[in-house]
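Worth knowing before you read on, the calculation uses all heavy atoms, side chains too, and leaves out hydrogens, waters and symmetry mates. Numbers for residues simply follow the sequence, beginning at 1.
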Amino acid sequence: MNRPQAIHDLSQHQQSSTLKKNNLVSVHQSHMNQETVDVNEFEEKFIQARSAMLALQNEDGHWCFPLEADCTIPAEYILMMHFMDEIDVALEKKIASFIRDKQDMSHGGWPLYYGGEFDISCTIKSYYALKLVGDSPEEAHMKRAREAILQRGGAAKANVFTRLLLAMYQQVPWRAVPVVPAELILLPKWAPFHLSKVSYWSRTVMVPLSILCTLKAQAANPRKIDIRELFVTAPEQEQNYFPKPDTFLKRIFMFAERLLSRYEPRLPQSIRQEAISAAEHWTLERLNGECGIGAIFPAMVNAHEALALLGYSYDHPSRVKCRNALRGLLVDEGDRSWCQPCTSPVWDTVLTGLALQEDPTTDQEPVHRAMDWLIKEQILNAPGDWQDKRPDLPGGGWAFQYANPHYPDLDDTAAVGWALVQGGLERHSYSLERAANWLAGMQSSNGGFAAFDIDNTYHYLNEIPFADHGALIDPPTSDVTARCVGLLAKYGKHQLEVWRGIGFLLREQEFNGSWFGRWGTNYIYGTWSVLEAFRLAKFDMQHASVRRAVKWLESVQRVDGGWGETNDSYLDKKIAGQFPETSTAFQTAWAVLGLMAAGEVNSVSVRRGINYILTQQASNHLWDEPWFTAPGFPRVFYLRYHGYSKFFPLWALARYRALTRN
């Protein structure tokens with residue numbers, strides 16, 4: 001090594017050492033600042049946040065914040081309008097503006113969540129929607145997307161739902177997709193596949209979809225737009241639409257599906273007509289007024305298109321309901337619009353209510369108004385798919401949305417029950433009893449609780465070609481079980497169900513001490529949920545499982561005092577509780593709430609977390625972050641609850657205030 005190079009290297013080493021020392025001092029000073037909570041600052045910011053949250057309450061007592069998914073949903077809204085030849089030109093331009101704004105310049109496509117990696121299916125749908133609206137394939141944003149798609153194998157590599165849409169748009173042959181015959185609805189319960197063996201979201205999507213697939217629906221596509229430029233091999237010549245099966249079971253199902261696809265057109269017409277009529281009746285029974293079938297966008301679109309294909313006129317009441325339900329999901333931001341996958345008023349209202357209840361010294365009248373609104377939304381006597389397993393169990397649940405009577409949600413029901421117990425109002429006692437009894441009756445045989453169903457654990461169905469999203473079923477999960485256990489424990493009855501649920505949770509704990517979060521991202525959410533349940537159940541907080549969870553939460557706290565976890569942790573468990581970019585206010589709140597539930601309110605970790613939340617408060621006195629907060633289906637579909645960055649930090653501050661007041 002020559003002398004100038006040696007001097008340069010030594011200089012660099014000295015600079016690096018100095019920087020490291022300065023950084024260590026800075027980090028140490030930062031930690032010292034984080035370890036003390038300024039009482040006056042805390043009080044001022046807490047009161048401001050609480051006031052800001054109350055200002056967002058609707059006149060009837062409820063809260064509802066926007067619920068955002070990836071650009072698949074707004075793109076499909078445009079595609080639906082062109083499928084039906086019911087094009088609102090002004091609306092499609094505003095939706096297109098939203099889609100363009102969401103393109104990620106780092107890879108040229110559209111991700112499944114903010115800051116995420118390129119997703120080929122989302123990008124194909126976004127590209128097609130923009131081209132339908134009128135964007136030229138030669139515009140810079142379209143060229144970037146097209147190149148990114150082609151680099152990854154082209155449109156033939158899209159997932160099943162995207163290929164089904166492309167088949168209806170005549171962009172791929174029907175052999176490119178799994179067969180989804182209407183005859184599925186006629187199968188007996190003892191068959192390997194039956195509607196009761198899949199989740200509610202799968203049922204409501206598949207039944208109207210089976211009508212579209214059986215009748216080989218064709219999109220109107222009035223502007224005759226195609227996307228042949230997205231294929232590496234011409235779609236009619238492509239032979240590799242299906243990925244190679246990687247398990248023995250997948251190979252068996254693939255063989256059976258390909259065999260069925262060959263003979264499906266030859267099924268007797270009498271059986272075919274019976275199946276289509278049964279699917280039509282099933283769909284109409286669950287249309288659910290102007291909240292739509294299943295109250296979720298994909299099911300609504302399929303029902304809307306299926307009814308048109310069956311000959312229902314534009315102004316038929318059922319078509320009008322479908323159309324209004326879909327319009328009800330739109331969010332208008334002025335110069336752009338986007339479509340929600342569903343609405344979340346019950347969930348937003350009860351979580352905000354729980355946050356405001358946390359410090360009982362504050363005015364509880366707004367919370368009582370919220371609880372009164374929730375009482376009106378309880379589903380007591382409506383028919384529901386859950387009754388297939390529990391026909392004699394009286395109803396008592398709540399749905400997630402404004403209306404979804406066929407599908408009450410155990411998580412929402414448990415959370416509402418929790419808030420009602422804490423509220424302690426006599427006028428709510430009957431509703432609380434019905435909710436607790438219904439939840440206890442919905443426990444699965446392994447002691448856990450699922451989101452909507454009992455013993456929906458037919459895992460082999462996730463191996464069929466149609467289920468490449470891996471979310472065809474609704475098995476019990478730790479987070480939902482935790483909420484149910486917490487409510488039943490606090491209510492004081494159904495103690496057998498409580499202890500069976502605790503047994504399930506103890507078995508589900510991960511090796512590192514955390515719990516998986518099925519409905520919130522991810523292990524931080526799951527761990528908070530379970531620790532909260534243990535608190536409500538008065539479980540021994542010195543139990544080894546609790547101590548391991550506390551240790552894990554403390555181990556993933558970030559230098560800035562906060563916590564953060566990427567949705568990539570659903571792909572790689574080794575990065576559980578980690579987020580390369582930043583901490584987030586909502587995940588910090590989960591961690592802090594979990595630690596306080598475990599009795600750690602006086603710990604340094606909690607104080608540092610509280611300080612992080614305080615430093616992130618915005619000028620409107622709440623919190624706002626772009627990060628997606630939960631999976632709809634892990635690995636393939638994610639959500640951003642806009643309310644999470646508002647009520648969860650407030651909840652953490654309220655609990656800290658209540659526990660440290662003296």
Could you check whether any side-chain heavy atom of R369 comes within less than 4.5 Å of a side-chain heavy atom of Q57, counting everything from C-beta outward? yes
At what distance, to the nearest 0.5 angstrom, does CG of L432 lie from CE of M371? 12.0 Å
Report yes or no: does N522 contribute a side-chain atom to a donor-acceptor pair with the main-chain N or O of G517 at less than 3.5 Å? yes
Heavy-atom closest pair (A549 atom, L531 atom, distance to 0.1 Å) is CB-CD2, 4.0 Å
What distance do M442 atom CE and I454 atom CD1 have between them, rounded to the nearest 0.5 Å? 4.0 Å
Has the side chain of T527 got a donor or acceptor atom that lies under 3.5 Å from a matching backbone atom of Y523? yes
Show every side-chain hydrogen bond (donor to acceptor under 3.5 Å, both in side chains) that has at least one partner inside residues 585-594, sequence neighbours left out. T584-Q587
Are F161 and H469, when compared by the centres of their aromatic rings, separated by less than 6.0 Å? yes
Which pair of non-hydrogen atoms, one from P631 and one from T521, has the smallest distance, and what is that distance? CD-OG1, 4.0 Å
When the aromatic ring centroids of F579 and W627 are compared, is their separation below 6.0 Å? yes
Run the salt-bridge test on K646 and E625 with the 4.0 Å N-O cut-off and return the result as yes or no. no
Ring-ring centroid check W201 F633, cutoff 6.0 Å: yes
Is the closest basic N to carboxylate O distance between R607 and E35 below 4.0 Å? no
Any donor-acceptor N/O pair, W563 side chain to L553 backbone, under 3.5 Å: yes
Pairwise distance CG(L330) to SG(C339) - rounded to 0.5 angstrom: 5.0 Å
Using modelled atom types and a 3.5 Å cut-off, is there a donor and acceptor pairing between side-chain atoms of W398 and backbone atoms of L374? yes
Among side-chain atoms of S121 and D119, is any donor-acceptor pair under 3.5 angstrom? no
If you measure from CG on D348 to CZ on F400, what distance do you get to the nearest 0.5 Å? 7.0 Å
For A414 against L439, the heavy-atom pair lying closest together: CA-CD1, 3.6 Å
Between R518 and D479, is there a salt bridge with N-O shorter than 4.0 Å? no
Result for ring-ring contact (aromatic ring centres under 6.0 Å, His included) between W651 and one of F586, W623, W528 points to W528
Taking the side chain from S51 and the backbone from Q48, do they hold a donor-acceptor pair closer than 3.5 Å? no
Do you know which two heavy atoms are closest between S478 and L505, and how far apart they sit? O-CD2, 3.4 Å
So, S126 and R100: side-chain donor and acceptor under 3.5 Å apart, yes or no? no
T362 and D359: side-chain donor and acceptor closer than 3.5 Å? no
Correct closest heavy-atom pair for T204 and G294 would be CG2-CA, 4.1 Å
Side chain E510, main chain S514, donor-acceptor under 3.5 Å: no
Is R640 salt-bridged to D624, cutoff N-O under 4.0 Å? yes
Under a 4.0 Å threshold between the charged nitrogen and the carboxylate oxygen, would E600 count as salt-bridged to R547? yes
SB check E333 R336 (cutoff 4.0 Å): yes
For R500 and S444 the tightest heavy-atom approach is NH2-O, 3.3 Å
Taking the ring centre of each residue, are F65 and H642 less than 6.0 Å apart? no
Within the 6.0 Å centroid threshold, strictly below: F628 and Y114: no
Y656 and F42: aromatic ring centres closer than 6.0 Å? yes
Side chains of S106 and D104: any donor to acceptor distance under 3.5 Å? yes
If you define the side chain from C-beta out and look only at heavy atoms, does anything of D540 sit under 4.5 Å from F534? no
Within the side chain of E565, is there an N or O that forms a donor-acceptor pair under 3.5 Å with the backbone of Q578? no
Do the ring planes of W499 and F539 sit parallel (below 30°), tilted (30 to 60°) or perpendicular (above 60°)? tilted
Test your reading of the model: is there a side-chain donor-acceptor pair from R507 to the backbone of N446, 3.5 Å cut-off? yes
Looking only at the side chains, is there a donor atom on one of S202 and S199 sitting less than 3.5 Å from an acceptor on the other? yes
In Å and rounded to the nearest 0.5 Å, what is the CG to OG1 distance from L112 to T72? 6.5 Å
Nearest 0.5 Å, what's the CD-CG distance between Q340 and L639? 10.5 Å
When you check the gap from the basic side-chain N to the acidic O, do E43 and R657 get nearer than 4.0 Å? yes
Can we call the ring centroids of H621 and F46 under 6.0 Å apart? no
Between T413 and A435 (side chain of the first, backbone of the second, donor and acceptor by atom type, cut-off under 3.5 Å), is there such a pair? no
Using the rule given for salt bridge (charged side-chain N to carboxylate O under 4.0 Å, His left out), can you reason through K102 versus D70, listing the C-alpha separation, both sets of side-chain angles and the distance that settles it, and then say yes or no? CA-CA 9 Å; K102 296 295 180 177; D70 61 73; over 6 Å; no
Under a 3.5 Å distance rule, please check whether R548 uses its side chain to pair with a backbone N or O of F511 as donor and acceptor. yes
Passes salt bridge (charged side-chain N to carboxylate O under 4.0 Å, His left out), K551 versus E554? Steps please. CA-CA 5 Å; K551 184 177 180 180; E554 292 177 340; over 6 Å; no
Can you find a heavy atom in the side chain of Q422 that is under 4.5 Å from one in the side chain of W418? yes
Please confirm whether W347 and W519 have ring centers closer than 6.0 angstrom. no
